[in-house]
Amino acid sequence: MAQNSNWWRGGVIYQIYPRSFADSNGDGIGDLPGITARLEHVARLGADGIWLSPFFKSPMKDFGYDVSDYCDVEPMFGTLDDFRALVARAHALGLKVMIDQVLSHTSDQHPWFVESRASRDNPKADWYVWADARDDGTPPNNWLSIFGGSAWQWDTRRCQYYLHNFLSSQPDLNFHNPAVQDAILASVRFWLDLGVDGYRLDTANFYFHDAELRSNPGRGAPDPSKPDPAVNPFNPYGWQRHLYDKSRPENLVFLQRLRALLDQYPDTTMVGEIGDDDGLARVAEYTAGGDKLHMAYCFDLLGERHDAPFVHGVLERFGRIVGSGWPCWALSNHDVTRVATRWGGAQPDPALLRLALALQASLRGSVCLYQGEELGLPEADVPFEDLQDPYGITMWPQYKGRDGCRTPMPWSAEAPDLGFGSGAARPWLPLAEAQRALAVDRQEADPGSMLQAARRLLHWRRTQPALVHGELALLPPHAQVLAFVREHQGERVLCAFNLSAQPAELALPAEQVLTDVLDSGIGGAQPVGATLQFAPWGVLHARLA
C-alpha cells in the first residue's frame, strides 16, 4: 500500500464545471487550457485541490456524464496533452487534481454498448443490463428514470429492454459481470498513471442493480412538508422506495476493489456522490472501515431548509451513525440551485452567504466548494428557449433544470462576455447579467467583498487544527443558533451560527468558558457575560478553556 498524506481529510476541494469556467479558444465552451490559465485563482482562494466535472469523449447528451471513451478527452475540451499540462500547473501551484468518474453507465455511443446491442450472443452481450419484456410487452419491472418515465428502453436490435437510470442514451453497465468491473478499473488506472490525485464518483451507489429485477415498493406521493433535496417534488421517482435499483450490497464489494486500486498510488482519494432514500446512512456505510470510499456526500444540505433545528438534526443523526466514516460537505454543486438563491431568495443578504461558507468550513469533514460560491453568485434565470439541460426541458415549467447554476463564470465586469473567453462565439449558456457586478476583478478590488472574505476564512481555517481535524460535539438545539465544539489534541473551538434573519442570544452552558474570540474574518457576534449575542446571520468562533 502506498503512503497517503491524508491531504483530503479536512481539505478544501474546489469543483470546476469545465464548460463554464474559462474558454481559451473562443468557441463559447470552456476547456482544459482555459482552466489551466485560471488555476491561480483557485490556489489563491486557499483550496487544496480541484474536482473537474467530466471532460471525456462524449456526445454531450448529458454534458459529459454520458461517456463514449473513458480514456480520452472530448475535443471541445482539448487533448490529453492539455490535460497533462493542467495537472502539471495544478501541482506546481500546490493543488491536487481529482476527476469525475461516471462508472455506473456510459453513452449509448460507447463502443461497448454498440457491440452489446448488436446481438444477444456477442462477447459484450451481457456488459449492460438487458431484460425480456413481460408477457404484455411492458418493461420487466416498475423502475423509474430520474430524468422521467420508465428506466427501461426498448431496443429493436435485440428485442429486449435495457436499463437506464438517467437518459435513455445512458445505458447502465452490468456490474454483475466481472469483465465489466475489470474494464472499469483499467480505465481508472489509466488516469492514475497520468498523475491524477483522486476521483469524484458520480452516482456511487448506482453500480449494482438487483439481479432478480424485483420491483421497488411504493411509498406514495411525497409529503410537501418534507421535501427530498435529491429529487424535485414534481418527479414521480420520489414515489418509490429504491430498494432494488440502487444501493445494493454488492456495491460495497466493488468499492473495496476500487479502493484497493487507489491504495497502490500515493496520496490519492475518492469522494462519492450518494443519492439515496437515506443518504446519511449510505455515506456512513460507504466510508466506514477505511476500505471503501475515503469520503462521500449526500443531499441533506443541498435543499432549501437551513434553519438551526434542521441543521442540528442532520448533524446529530450523522454523528450518531457515521462511526469512522468521513463526510464531504457541499452546499452547492452543478446539480442544484445555487445556495445564494436557494437559501437567500431573490435578494440574499451578504451576511447569510458569509455564514454559509463559514458553517461549511467549520463542520467535521472536508469542504467541497462549487465554482462561483466564493463570489456569492446567485442562480441565473435561463429562459426556456436557452435551456440546454434535458432534465429541465422535460420537467418544465415547474422544474427549470440545472442550467441556472452552470452559466459562465464572471471574471471581468467590463468585458462583454464577462471575461469567460474571447467573445468570438456566443457562450453555450447565456451570460447572467445579474452576476456582472460580482465578477472576480470587481471583487478583487473590494476589501469587503465576498471573495476577499472567502480567502481570509479559508486561509485562517488552515491555521486551526481543530477545524480541519477535530471531532464535533453539538450544543443543545436552539431555535435560531446552531452551535458545536470542535476538539483536537486538547484544543477546543466553539463554532456558533445564527441561522436566522433576526438578532439572537445564546446562553452558554457553564462548562463552556471562552478564553478568546478568534478572528475568522466572518463576524456578527460577541460574548456578553455568559451569553453570546448575534446580529442576523452572525458567526462566532472562540477558543474554549
Side-chain angles (χ1 to χ4, degrees), residues 224-229 280 299-319 329-332 336-365 367 369 373-374 376-379 448-450 453-454 456-457 461 467 472-486 493-509 512 514 517-542 544:
S225 68
K226 298 177 181 178
D228 181 351
L280 286 178
F299 288 75
D300 290 73
L301 295 184
L302 292 169
E304 293 183 4
R305 280 199 67 181
H306 58 284
D307 55 275
F310 171 76
V311 180
H312 188 282
V314 170
L315 298 179
E316 186 279 328
R317 182 164 184 267
F318 190 80
W329 297 104
L331 301 185
S332 286
V336 299
T337 301
R338 286 189 177 273
V339 71
T341 301
R342 200 173 71 247
W343 286 10
Q347 299 292 329
D349 187 331
L352 164 61
L353 306 187
R354 288 163 168 75
L355 174 144
L357 183 57
L359 170 62
Q360 189 180 7
S362 301
L363 296 173
R364 177 183 176 269
V367 176
L369 189 66
E373 296 306 295
E374 75 277 20
L377 296 185
E379 184 82 350
S449 69
M450 177 69 186
R456 285 193 299 271
L457 173 70
R461 179 180 179 271
L467 296 188
L472 184 149
L474 285 162
L475 269 63
H478 184 281
Q480 293 172 269
V481 178
L482 173 74
F484 50 82
V485 176
R486 300 293 308 280
V493 174
L494 174 69
C495 309
F497 308 87
N498 177 14
L499 286 162
S500 75
Q502 291 77 40
E505 187 172 285
L506 176 68
L508 285 175
Q512 308 291 0
L514 303 186
V517 173
L518 302 172
D519 184 11
S520 68
I522 312 290
Q526 61 182 352
V528 178
T531 67
L532 303 179
Q533 294 186 354
F534 295 83
W537 311 117
V539 173
L540 183 131
H541 292 93
L544 296 172

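Starting from 1, each residue takes its place in the sequence as its number.
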Exercise: identify the closest heavy-atom pair between I522 and A453: CD1-CB, 4.1 Å

Shortest non-hydrogen contact between C495 and S362, atoms and distance: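 What the structure gives for the nearest pair is SG-CB, 4.1 Å.
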
Is there side-chain contact between [X] and [Y], with heavy atoms separated by less than 4.5 Å?
{"X": "D519", "Y": "R456", "answer": "no"}
{"X": "L532", "Y": "L514", "answer": "yes"}
{"X": "L540", "Y": "P527", "answer": "yes"}
{"X": "L331", "Y": "L359", "answer": "no"}
{"X": "F534", "Y": "S500", "answer": "no"}
{"X": "V539", "Y": "R354", "answer": "no"}
{"X": "L499", "Y": "L355", "answer": "yes"}
{"X": "L474", "Y": "H312", "answer": "yes"}

Between [X] and [Y], is there a donor-acceptor pair closer than 3.5 Å when you use the side chain of the first and the backbone of the second?
{"X": "W329", "Y": "R364", "value": "yes"}
{"X": "R486", "Y": "V493", "value": "no"}
{"X": "Q360", "Y": "V367", "value": "no"}
{"X": "H478", "Y": "N498", "value": "no"}

Greater than 12 external heavy atoms within 6.0 Å of E304's CD: no

From L482, V485, V481, residue fulfilling side-chain contact (heavy atoms from CB on, under 4.5 Å) relative to L475: V485

Side chain to side chain donor-acceptor pair (under 3.5 Å) involving S449 - partner list, sequence neighbours excluded: none

Ionic contact status for E379 with R342, cut-off 4.0 Å: no

Aromatic ring pairing W343/H306, orientation class (parallel under 30°, perpendicular over 60°, tilted between): parallel

Interatomic spacing from CG in D300 to CG in L280 - rounded to 0.5 Å: 4.0 Å

